[in-house]
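Reviewing the structure listed below.
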2 protein chains.
Amino acid sequence: MLFHFKDKFPQLTAYWDRYLPLQKRMEVPAKTVLLEEGKTSSNYIFIEKGCVRLAFNNNGTDKTVQFFFENEGLTSLESFLKNTPSLFTIETIEPSVIYALPKKHFQDLMTELSVEPGFADMILNIFAERQLHYMHEFVSFIRDTPEQRYQNLLNERPHIVQRVPQHYIASYLGISRVHLSRIKSALARKR
Amino acid sequence: MLFHFKDKFPQLTAYWDRYLPLQKRMEVPAKTVLLEEGKTSSNYIFIEKGCVRLAFNNNGTDKTVQFFFENEGLTSLESFLKNTPSLFTIETIEPSVIYALPKKHFQDLMTELSVEPGFADMILNIFAERQLHYMHEFVSFIRDTPEQRYQNLLNERPHIVQRVPQHYIASYLGISRVHLSRIKSALARKR
DNA sequence: TTCACTTGGTAACATATGTTATCGTTTGCC
DNA sequence: GGCAAACGATAACATATGTTACCAAGTGAA
């Protein structure tokens with residue numbers, strides 16, 4: 001849920017405790033599909049342990065859009081907000097422990113929260129951050145070569161490179177797995 | 001301002017009328033720099049007439065991130081929200097008529113608006129849309145070839161292709177202007 | 001252990017894309 | 001009108017990247 005912003009917005013803590021029982025806790029193996037492409041997203045997912053990817057299928061080839069780890073939350077946003085078929089699949093990469101908050105309770109929470117002072121500011125902050133994140137990704141695509149993009153990943157989010165299989169990373173970078181392999185060996189030779 | 005959402009959120013209209021006098025109206029020629037990379041963004045810009053781009057300089061090469069047209073608003077968001085040096089330049093493409101709302105008044109407006117019923121919902125909607133926009137751009141990069149991306153532009157936002165010089169579009173698509181020219185002639189041959 | 005599956009590396013070749021240079025046209029300005 | 005700058009097309013060549021195929025190591029389940 002929004003609860004991954006607990007640290008930044010302490011007023012959320014009380015809500016977290018109260019909404020905890022409404023969430024469904026699940027322990028799932030790797031490669032478990034939590035939301036299937038084409039179905040409507042009806043849960044907000046919070047990751048207690050493990051790692052998850054947001055992906056889609058393009059003419060039989062699998063493409064990864066984003067990776068999520070412990071204490072992060074996600075959903076297929078457009079589907080969740082607009083009740084439309086999800087363009088994306090949500091799938092675990094490692095065996096994971098996740099909490100699912102049904103949409104109905106999510107909406108209740110939003111209603112409750114909206115009277116909280118500073119709520120608008122909080123929403124603005126949270127969404128601005130996400131927007132800036134995607135915008136930076138976009139800028140990286142038009143500015144950097146794939147090799148530079150891989151180096152950025154290594155420098156800024158090394159946990160992704162460490163925990164995620166390489167072919168997922170390749171599709172996330174927008175290149176083939178063969179080319180990512182080439183990039184890695186080129187970098188190794190440079191040192 | 002947020003006023004480009006007037007149609008979607010009619011409750012904004014009264015505020016628009018009241019804040020209009022606080023905005024600075026400017027008629028500027030093409031290629032006018034409205035915000036320079038490295039300076040702090042202190043205005044929210046609304047376009048009455050003309051067209052504007054958000055861009056940055058990368059080792060001497062100019063890259064365009066986004067295009068804006070009549071009845072759209074923009075700022076260098078990160079700079080505007082966090083008072084940091086802007087990573088981007090804002091520059092007119094055509095001779096334009098723009099309104100600039102100083103940050104101080106923007107903040108006043110937000111404070112006033114926050115008591116308005118449905119405000120949180122409005123903010124969430126606006127930012128969700130922007131987030132989805134950038135996310136779709138990202139997805140397009142990892143899914144489509146440059147040729148497909150150009151066709152998407154032609155189909156979904158033909159006004160951009162019609163009004164914007166080609167080399168800006170090339171950098172926006174993440175390719176060289178020579179390659180965009182090749183793509184165009186390849187498409188022409190196909191028909 | 002064995003077996004199937006996943007993961008990651010590499011080679012060879014095909015294709016896509018960048019770079020540089022040149023040319024003709026258009027546009028804006030004096 | 002004339003000049004400089006912007007714009008867009010194209011060619012030739014260099015480099016980056018995709019595709020297909022093959023191999024080796026690691027992993028997990030029966």
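Worth saying up front: this structure is predicted, and the values here are computed from it rather than measured.
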_Tell me whether A:T64 contacts the main-chain N or O of A:I169 through its side chain, where contact means a donor paired with an acceptor under 3.5 Å._
no
*Compare the minimum distances between each of C:dT7, D:dT10, C:dG9 and the side chain of B:S181, then state the nucleotide with the smallest one.*
D:dT10
Identify each atom pair where a protein N or O and an N or O of nucleotides 12-17 of chain D are less than 3.5 Å apart, giving names and distance.
residue, atom, partner, partner atom, Å
D:dT17, OP2, A:H179, NE2, 3.0
D:dT17, O5', A:H179, NE2, 3.3

*CE of B:M135 to CD of A:Q66: how many Å apart, nearest 0.5 Å?*
6.5 Å
*Is the closest side-chain donor-acceptor distance between A:Y15 and A:E116 under 3.5 Å?*
yes
*Bend across the helix from C:dT1-D:dA30 to C:dC30-D:dG1, to 10°, with axes taken over 5 pairs at each end?*
50°
*Under 30°, 30 to 60°, or over 60°: which ring-plane class applies to A:H159 and A:F69, parallel, tilted or perpendicular?*
perpendicular
*Determine, using ring centers only, whether B:Y44 and B:F106 are less than 6.0 Å apart.*
yes
*Just how far, in rounded Å, is P of D:dC7 from CD1 of B:I93?*
10 Å
*Strictly by modelled atom types, are A:T40 and A:S79 linked by a side-chain donor-acceptor pair under 3.5 Å?*
no
*Please determine, for the side chain of A:K31, which listed nucleotide (D:dT10, C:dT6, D:dG8) has the closest atom?*
C:dT6
*Can you check whether B:H167 has a side-chain N or O nearer than 4.0 Å to OP1 or OP2 of D:dA6?*
no
*Do any side-chain nitrogens or oxygens of A:Q166 fall under 4.0 Å of OP1 or OP2 in C:dT6?*
no
*Could you check if a side-chain atom of B:I175 sits within less than 4.5 angstrom of a side-chain atom of B:I183, using non-hydrogen atoms only?*
yes
*asked:* At less than 4.0 Å, is any side-chain N or O atom of B:K184 found next to OP1 or OP2 of D:dG8? Yes or no.
replied: no
*asked:* Tell me whether B:R177 at atom CZ has more than 12 heavy atoms from other residues, nucleotides or ligands lying less than 6.0 Å away.
replied: no
_Nearest whole Å is fine: how far is C:dT6 P from A:E91 CD?_
11 Å
*Select from A:L180 and B:L180 the residue whose nearest nucleotide in DNA chain D is closer to the 5' end of that strand.*
B:L180
